[in-house]
Number of protein chains: 2
Amino acid sequence: MTKPRPELTGQAEDYLKAIYELERGDAPAGTNALAERLGIAAASVSGMLQRLARLGLVKTERYRGSRLTEPGRAVALQLIRRHRIIESYLVTRLGFAWDDVHHEAEQLEHAASPELIERMAKVLGNPTADPHGAPIPTAEGRVDERRFESIAALEPGAGARVARMSDRDPKLLRYLAGRGIRPGARIRIEAKEPFDGPIVLTVGRERQTLAPGAAANVWVEPDASVSAAAPKSRARGGTPKRRASGNSR
Amino acid sequence: MTKPRPELTGQAEDYLKAIYELERGDAPAGTNALAERLGIAAASVSGMLQRLARLGLVKTERYRGSRLTEPGRAVALQLIRRHRIIESYLVTRLGFAWDDVHHEAEQLEHAASPELIERMAKVLGNPTADPHGAPIPTAEGRVDERRFESIAALEPGAGARVARMSDRDPKLLRYLAGRGIRPGARIRIEAKEPFDGPIVLTVGRERQTLAPGAAANVWVEPDASVSAAAPKSRARGGTPKRRASGNSR
DNA sequence: CTTATATTTTAGTACATACTAACTTTTTGG
DNA sequence: CCAAAAAGTTAGTATGTACTAAAATATAAG
C-alpha cells in the first residue's frame, strides 16, 4: 500500500475529500456540486478532475460526474482521519470551541504528518468520533459509514439520540449548542409545522424550536424505546445513559 | 499596522524567513545563499525576490542582495515565532524527539493560525526559547537578538554554557545529543587541533571530541568564571562571518 | 587596470491552479 | 418529442512558482 504517489497538493486532496462527501452510493459527485462545495468555478473543477483522473484517483464519466477510485478513496479517508483527529485534539487539549475548530483543522490537515496524527490520536486514546459526532476513519482506512436520519425527517412523537451534525458552519453549531443539541443528546419531536416549517422538540427537559435549515444538518439515531408510542406527556424514567463515542464535554 | 496584506503563500513566507536568517547587520542576504538554503535555483530566487519587493516586503539592490523591510521583518518574525512554539509544543506535549521536530514544524508553521499559536504558547507557559535554545519572538515581534560565539571559536581552557544550536539537521542534533551537548550544558575546551581539526572538550564531567563541522553549529555563552584559568586570552573577537558548514540532508 | 571567476539577473518554458466566456450535452417540463 | 434550462466542458488567459541556458554585473587575482 501507499506507493510513493507524486505528492498531491493540498487543493487536490480537498477535491478528493469533497468527492467522497458528495458521492452517494451509485450516484457520482456532480461538477457543479463540487464547485459549490469548494468555492471554485465549475470550469476549474472540470480541469482538476481531469488531472485527478490522469493520476488514477477519480473516474470521470463525461458530462455525468466523478467518483473516487480505490486509491482516491484511500487518500480522502486519510485526509478525513487527519481532519477529525485534529478537531478532537484542538477541542480537548487546546480549549478550542467546538464550533470554531473546523477552519483550523482544514488548514492543518494538509500539513500534519502521519506521525503527528498518530501521536495526537494516541494521547486522545484513539477516539472513534470527533466533537461533532463524525466517525474517525482508522489509520488503515476503515470507517463507520452508517447513515443516520436527519432530524427533519422525524415525525412528531419520535424520540432519538443525536448522532452527529455538520461541522462546516460555526453559526449553525452555535445555534445548535444554544439549544443543547450535541452528539449524544436525547431528543423527542413534539410538533412539526408543514412545508418545512420549524420543528418543536424536547432536548433533555427543555422545549426548543428548531429552524428547518438547522434540522437538516443534524442526524439522529432513532430511539425505539421512546418513539414506540406518542403519549403526549409521560414521566421520564430510567433512560439508559449510553454514550458510545469518546467525544468531549 | 498589520494591514490586510494579500495573504502570502507559504513559499513566500519561507523566503522572508531565510532572508532574516541570512542577513547580518548591514550585509544583505545573497541570492545564491538564499537559493542554497531554500533548495531552489538561484534564478528562481531572483524572480521571487522581485515579487517580494513589489509587495514591499524586501528591498533588493540589483546584483548585490536583499534585505527585509520592516513589514517583511515582521512577517519573518511571526513565522519564526510559530516555528519555535510548534517545535516546543511537539517536543513537550506530544513526545517528539527534539532532533526530529524541525521538518514537522516547517510544515505546520504555514498552516497554524495565530489563535492556535497563542493557545500552544499559553499551555507551555509562554516559553522564551525552543528546545534547541533559539529565542522565541513575542507576539508583538520582539526577539532577543544576542549573537553567541560558536564553539569552534573558543580557545583551549575556555569554559562556556551551551546557548543554542542549529535545528536544521537531525543527524547533527543526534550527534550532539550523544555527547551531552544541549542548551544549558556546561563545557570546557581542553584541546583544539589546528586547521579546523577536532575539538576536545569536557561536557559536564565527560570528555568528548567534537568534529569541527558540528562545533560550527553550536553557539555558546562564554563563562568567565571558568575561562579565567586559560592562559591564552582573546580580546573581543570573532564575528560569525564564517559559513563553513554545508549542513542539511 | 584588466581579465578570470563568482554572483546575479533575464529570457524562455513548464505546471498547478484559478478565472470568464462560449460551447456542448443532458435533463426536464410542456 | 422537443425546446428551454441545467449541467458540464473547452478555449483562452492569468498568477505563483519552479526550471535551464545565456547574458550581465561584480569581485578577486594578477
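Computed over heavy atoms, backbone and side chain alike; hydrogens, waters and symmetry mates excluded. To find a chain, count down the sequence lines: A is the first, B the second, and so on, and within it residues start at 1.
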Student: Using atom CZ of A:R62 as one end and atom P of C:dC23 as the other, report the distance to the nearest whole Å.
Tutor: 16 Å

Student: Inspect the surroundings of CZ in B:R142 and state if more than 12 heavy atoms from other residues, nucleotides or ligands are less than 6.0 Å away.
Tutor: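 It does not: B:R142 CZ has 12 such atoms or fewer within range.
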
Student: What I want to find out is whether A:D169 reaches A:K171 closely enough, with some N-O distance under 4.0 Å, to be called a salt bridge.
Tutor: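 Salt bridge: no.
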
Student: Could you check, using the six-membered ring where one of them is a Trp, whether B:H83 and B:H102 have ring centers closer than 6.0 angstrom?
Tutor: yes

Student: To the nearest angstrom, how far is B:L34 atom CG from C:dT8 atom C1'?
Tutor: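 Atom-to-atom, B:L34 to C:dT8, this comes out as 12 Å.
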
Student: How many whole angstroms separate atom CD of A:Q50 from atom C1' of D:dG8?
Tutor: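 For the pair A:Q50 CD and D:dG8 C1', the rounded distance is 11 Å.
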
Student: Check every strand shown and say whether A:G30 touches a base, only sugar-phosphate, or nothing at a heavy-atom separation below 4.0 Å.
Tutor: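 Touches sugar-phosphate only.
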
Student: Does a salt bridge link A:E23 with A:R37, judged by any charged N lying under 4.0 Å from a carboxylate O?
Tutor: no

Student: Is a salt bridge present between B:K59 and B:E70, judged by a nitrogen-to-oxygen distance below 4.0 Å?
Tutor: no

Student: Dump the intermediate steps for salt bridge (charged side-chain N to carboxylate O under 4.0 Å, His left out) on B:R168 and B:E87, then the final yes or no.
Tutor: CA-CA 12 Å; B:R168 314 188 78 242; B:E87 280 198 347; over 6 Å; no

Student: Report the distance from atom CD of B:E36 to atom C1' of D:dA18, rounded to the nearest whole Å.
Tutor: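 Rounded to the whole Å, the gap is 18 Å.
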
Student: Let me know the distance between OH of A:Y63 and C1' of D:dA5, rounded to the nearest Å.
Tutor: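 To the nearest whole Å, that distance equals 16 Å.
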
Student: Are B:R64 and C:dA6 close enough that a side-chain N or O sits under 4.0 Å from OP1 or OP2?
Tutor: no

Student: If you check every side-chain atom of B:S46, which of D:dT10, D:dG8, C:dT10 has the closest atom?
Tutor: C:dT10

Student: Which pairs, protein N/O on one side and nucleotides 14-21 of chain C N/O on the other, fall under 3.5 Å?
Tutor:
| unit_1 | atom_1 | unit_2 | atom_2 | d |
| --- | --- | --- | --- | --- |
| C:dT17 | OP1 | A:T9 | OG1 | 2.2 |
| C:dT17 | OP2 | A:R51 | NE | 2.6 |
| C:dT17 | OP2 | A:R51 | NH2 | 3.0 |
| C:dA18 | OP2 | A:Y15 | OH | 3.1 |
| C:dC19 | OP1 | A:A41 | N | 3.4 |
| C:dC19 | OP2 | A:A41 | N | 2.8 |
| C:dC19 | OP2 | A:S44 | OG | 2.6 |

Student: Nearest whole Å is fine: how far is D:dA26 P from B:E61 CD?
Tutor: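 Rounding to the nearest Å, CD of B:E61 and P of D:dA26 are 10 Å apart.
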
